[in-house]
Structures are given as C-alpha cells and as structure tokens.
Amino acid sequence: MNAAIGRAWLASSKIARKAGHFQAAYGAMLQARYRGATHYFIQGCKLLKSEGDSIRALQELDNALAARYPMLAEGTIDLTLSDEENLQQVKVRELSTHWGQGY
C-alpha cells in the first residue's frame, strides 16, 4: 500500500514541477521518499534541473546511480535485479547521459 501511495506522491511532484510550483513539488517528493518510493531521487534531480541547477542535478543523479547500482559503476550488469529495477536503471543512465551532453 505504501508503495502505491509513494508513486502517487511522485506523480503529484511531477505535475507540480511541470506547473512551476517548485515548493509543492519538493514537498511531494519528500512525501514519496517517506512512503518508500524507490526512485524518488529521479524526481528530486529533475526538480533541481528545473530550478536551473543543472550541474548539481547531474551530480546528484550520478551519485544516486553509483550508490544504488554499484555494479553498473564497475561496468558489470547485475542479473539479480527485477525487470522494474532494470528499467529504472536504464532510465536513470539515459537521463544522466542526456544531461551530461551539455557540459
């Protein structure tokens, strides 16, 4: 149940961020984290980037990626991850690559 609530908070954070309501987006992201949403940090990084702090957003994303998927940082693939985790790992890596191209 908490996971579903966390996902709902993440959706609220995304909507608020896109509407330019950064305070509300941040609060919703914190609620998602509290409720155990596994990839809340992605929304936090997107929020940083939306506020104009692109370099910090990229650093936070890379740090979260290295902490969450240490085998990926070593260049190996973890076959024990679930399909959802693999998908999120790919999305985070693509986002990091996309944001890093501007620097």
Side-chain angles (χ1 to χ4, degrees):
M1 183 68 154
N2 265 346
I5 294 170
R7 286 191 301 271
W9 276 111
L10 279 180
S12 295
S13 178
K14 180 179 180 178
I15 292 166
R17 176 180 50 83
K18 288 188 174 197
H21 302 289
F22 300 122
Q23 187 85 22
Y26 182 72
M29 188 268 306
L30 289 178
Q31 284 292 332
R33 177 180 170 193
Y34 175 74
R35 294 294 183 168
T38 55
H39 294 91
Y40 69 89
F41 64 90
I42 297 172
Q43 198 58 239
C45 293
K46 287 181 177 182
L47 183 59
L48 284 171
K49 189 167 186 328
S50 294
E51 292 176 324
D53 203 351
S54 299
I55 293 174
R56 183 169 169 222
L58 183 60
Q59 289 171 339
E60 292 286 328
L61 191 62
D62 286 341
N63 290 341
L65 187 64
R68 199 158 182 79
Y69 306 108
M71 292 182 73
L72 185 65
E74 298 170 2
T76 55
I77 298 171
D78 188 355
L79 298 175
T80 62
L81 295 176
S82 68
D83 288 341
E84 181 182 343
E85 284 287 318
N86 280 325
L87 181 62
Q88 289 298 327
Q89 181 178 331
V90 168
K91 285 182 178 180
V92 170
R93 178 49 72 197
E94 285 178 354
L95 192 60
S96 176
T97 302
H98 176 70
W99 286 357
Q101 287 177 352
Y103 304 105

- Task: Could you name each residue pair satisfying ring-ring contact (aromatic ring centres under 6.0 Å, His included) that touches residues 25-57, not counting sequence neighbours?
- Result: His39-Phe41

- Message: Donor-acceptor check, side chain of Asp53 to backbone of Lys49, threshold 3.5 angstrom: yes or no?
- Response: no

Check: residues 13-24 side-chain donor-acceptor pairs under 3.5 Å, at least two apart:
| residue | atom | partner | partner atom | Å |
| --- | --- | --- | --- | --- |
| Ser13 | OG | Ala25 | O | 2.8 |
| Arg17 | NE | Gln43 | OE1 | 2.6 |
| Arg17 | NH2 | Gln43 | OE1 | 3.3 |

- Grab the two heavy atoms, one from Cys45 and one from Ala57, that are nearest each other, plus how far apart they are. O-CB, 3.3 Å

- Item | side chain to side chain donor-acceptor pair (under 3.5 Å) against Arg35, all qualifying residues, sequence neighbours excluded | Asn2

- CZ (Arg56) and CG (Asn63) are apart, to the nearest 0.5 Å, by 10.5 Å

- Message: Side-chain heavy atoms under 4.5 Å apart, restricted to Ile/Leu/Val/Met/Phe/Trp/Tyr: what other residues fall into the cluster of Leu48, or is it alone?
- Response: none

- Under a single-linkage rule joining Ile, Leu, Val, Met, Phe, Trp and Tyr whose side-chain heavy atoms are separated by less than 4.5 Å, which residues share a cluster with Trp9? Met1, Ile5

